[in-house]
Amino acid sequence: MPDTQPVTTETENRWPTPEAAYALAPSITSEITWVAYTARDFGHLTNPREYWLRKAAVFDRIALTERQRTFTVAGSADSDADATAAETARRLLAIDHAAGLGPGGYANGPYPPDHPDSTHHPRGYVRQEYALWANNQ
């Protein structure tokens, strides 16, 4: 495993924190608009991975926001948004795994899609990949 992990911006010593991963992200409203608009032309996309990455990232951000609001209001952190974010993250993992992406490929983070940490923490994988993608835009 390469020594490319940030030390001070990770959760559980594995993944970028949401704040670090989404520091360069546009607003949730802007991203949802992009995802919805892009979904209309999904069959004609030249880069479907970008669609799934951005969709998984915005669903993760929504779930994080919902979790904070739900926990604050009701004392519970469970939400449908968490399940949707996890499912979308697993979809990105499956796409990256099927494409054989990993070190040296497009998915070039410290944890490739088939790494056990990625499969156990798919939303962490999304944060890793989104941070790398956003920094290269």
Side-chain angles (χ1 to χ4, degrees):
M1 184 172 348
D3 291 324
T4 58
Q5 304 177 67
V7 175
T8 59
T9 59
E10 291 189 354
T11 56
E12 301 176 33
N13 297 324
R14 290 183 185 94
W15 309 111
T17 62
E19 296 80 13
Y22 303 129
L24 300 175
S27 71
I28 289 175
T29 303
S30 178
E31 277 296 84
I32 283 290
T33 301
W34 184 91
V35 166
Y37 180 77
T38 303
R40 290 184 4 205
D41 297 322
F42 189 79
H44 303 289
L45 292 180
T46 58
N47 186 359
R49 184 188 191 269
E50 180 182 356
Y51 168 79
W52 285 106
L53 174 62
R54 291 176 72 174
K55 182 175 181 175
V58 76
F59 282 10
D60 183 44
R61 293 169 62 201
I62 291 167
L64 291 165
T65 301
E66 179 70 13
R67 174 176 283 208
Q68 180 62 38
R69 187 186 65 77
T70 303
F71 186 78
T72 301
V73 173
S76 170
D78 296 334
S79 76
D80 291 338
D82 281 321
T84 302
E87 183 57 37
T88 309
R90 284 190 288 275
R91 175 71 178 184
L92 177 66
L93 273 169
I95 289 166
D96 285 359
H97 181 73
L101 299 179
Y106 191 91
N108 204 18
Y111 296 97
D114 59 350
H115 191 281
D117 285 339
S118 297
T119 57
H120 291 309
H121 303 284
R123 288 173 61 189
Y125 177 80
V126 168
R127 292 174 197 148
Q128 166 190 272
E129 294 302 305
Y130 189 88
L132 291 166
W133 175 82
N135 283 325
N136 289 304
Q137 294 304 300

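Values below: all heavy atoms of this structure, side chains included; hydrogens, waters and symmetry mates excluded.
Surrounding OH of Y37 are at most 12 heavy atoms belonging to other residues, nucleotides or ligands under 6.0 Å away.
To the nearest 0.5 angstrom, L64 atom CG is 11.0 Å from E66 atom CD. Note: S118 OG to R14 CZ = 10.0 Å, rounded to the nearest 0.5 Å. A distance of 4.0 Å separates CZ of R49 from CG of D96, quoted to the nearest 0.5 Å. Here the CH2 atom belonging to W52 is positioned 12.5 Å from the CZ atom belonging to R90, to the nearest 0.5 angstrom. A distance of 5.5 Å separates NE2 in H97 from CG in D114, rounded to the nearest 0.5 Å. Between D82 atom CG and I62 atom CD1 the span is 11.5 Å, to the nearest 0.5 Å.
W34 and L45 fall within the same hydrophobic cluster, where Ile, Leu, Val, Met, Phe, Trp and Tyr residues are linked whenever their side-chain heavy atoms come under 4.5 Å apart, directly or through other members.
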Check against side-chain contact (heavy atoms from CB on, under 4.5 Å), F59 and I32 = CA-CA 9 Å; F59 282 10; I32 283 290; 4.1 Å; yes

Is there a salt bridge (Lys or Arg N to Asp or Glu O under 4.0 Å) between E129 and R54 once you walk through the steps?
-> CA-CA 10 Å; E129 294 302 305; R54 291 176 72 174; over 6 Å; no

Stepwise side-chain contact (heavy atoms from CB on, under 4.5 Å) check, V35 with V58 = CA-CA 9 Å; V35 166; V58 76; 4.3 Å; yes

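No donor-acceptor pair under 3.5 Å is formed between the side chain of D60 and the backbone N or O of A56. When atom types are taken as modelled, the side chain of N47 and the backbone of E50 share a donor-acceptor pair closer than 3.5 angstrom. Within the 3.5 Å criterion, the main-chain N or O of R123 finds no donor-acceptor partner in the side chain of H121. Between the Q128 side chain and the Y111 main chain, a donor and an acceptor come within less than 3.5 Å of each other. Judged by distance alone, the side chain of S30 and the main-chain N or O of P26 form no donor-acceptor pair under 3.5 Å.
Checking each of L92, L93, T88 against P122 for a side-chain contact (heavy atoms from CB on, under 4.5 Å) leaves exactly one that passes, namely L93.
Contacts of R91 classified as side chain to side chain donor-acceptor pair (under 3.5 Å), with partners at least two apart in sequence or in another chain: none. Judged as a ring pair (Phe, Tyr, Trp, His ring centres under 6.0 Å), and not counting sequence neighbours, the contacts of Y130 are Y22, W133. Under the side chain to side chain donor-acceptor pair (under 3.5 Å) criterion, R61 pairs with no residue at all, not counting sequence neighbours.
A distance of 6.0 Å or more separates the ring centres of Y125 and W15.
For the pair N136 and L132, the tightest heavy-atom approach, listed with the atom from each and the gap, is ND2-O, 2.7 Å. Taking every heavy atom of both residues into account, V126 and A89 meet most closely at CG2-CB, 3.5 Å. In terms of heavy-atom proximity, T119 sits nearest to P113 at CG2-O, 3.8 Å. Nearest heavy atom pair, residue P16 against residue A21, reads CB-CB, 4.1 Å.
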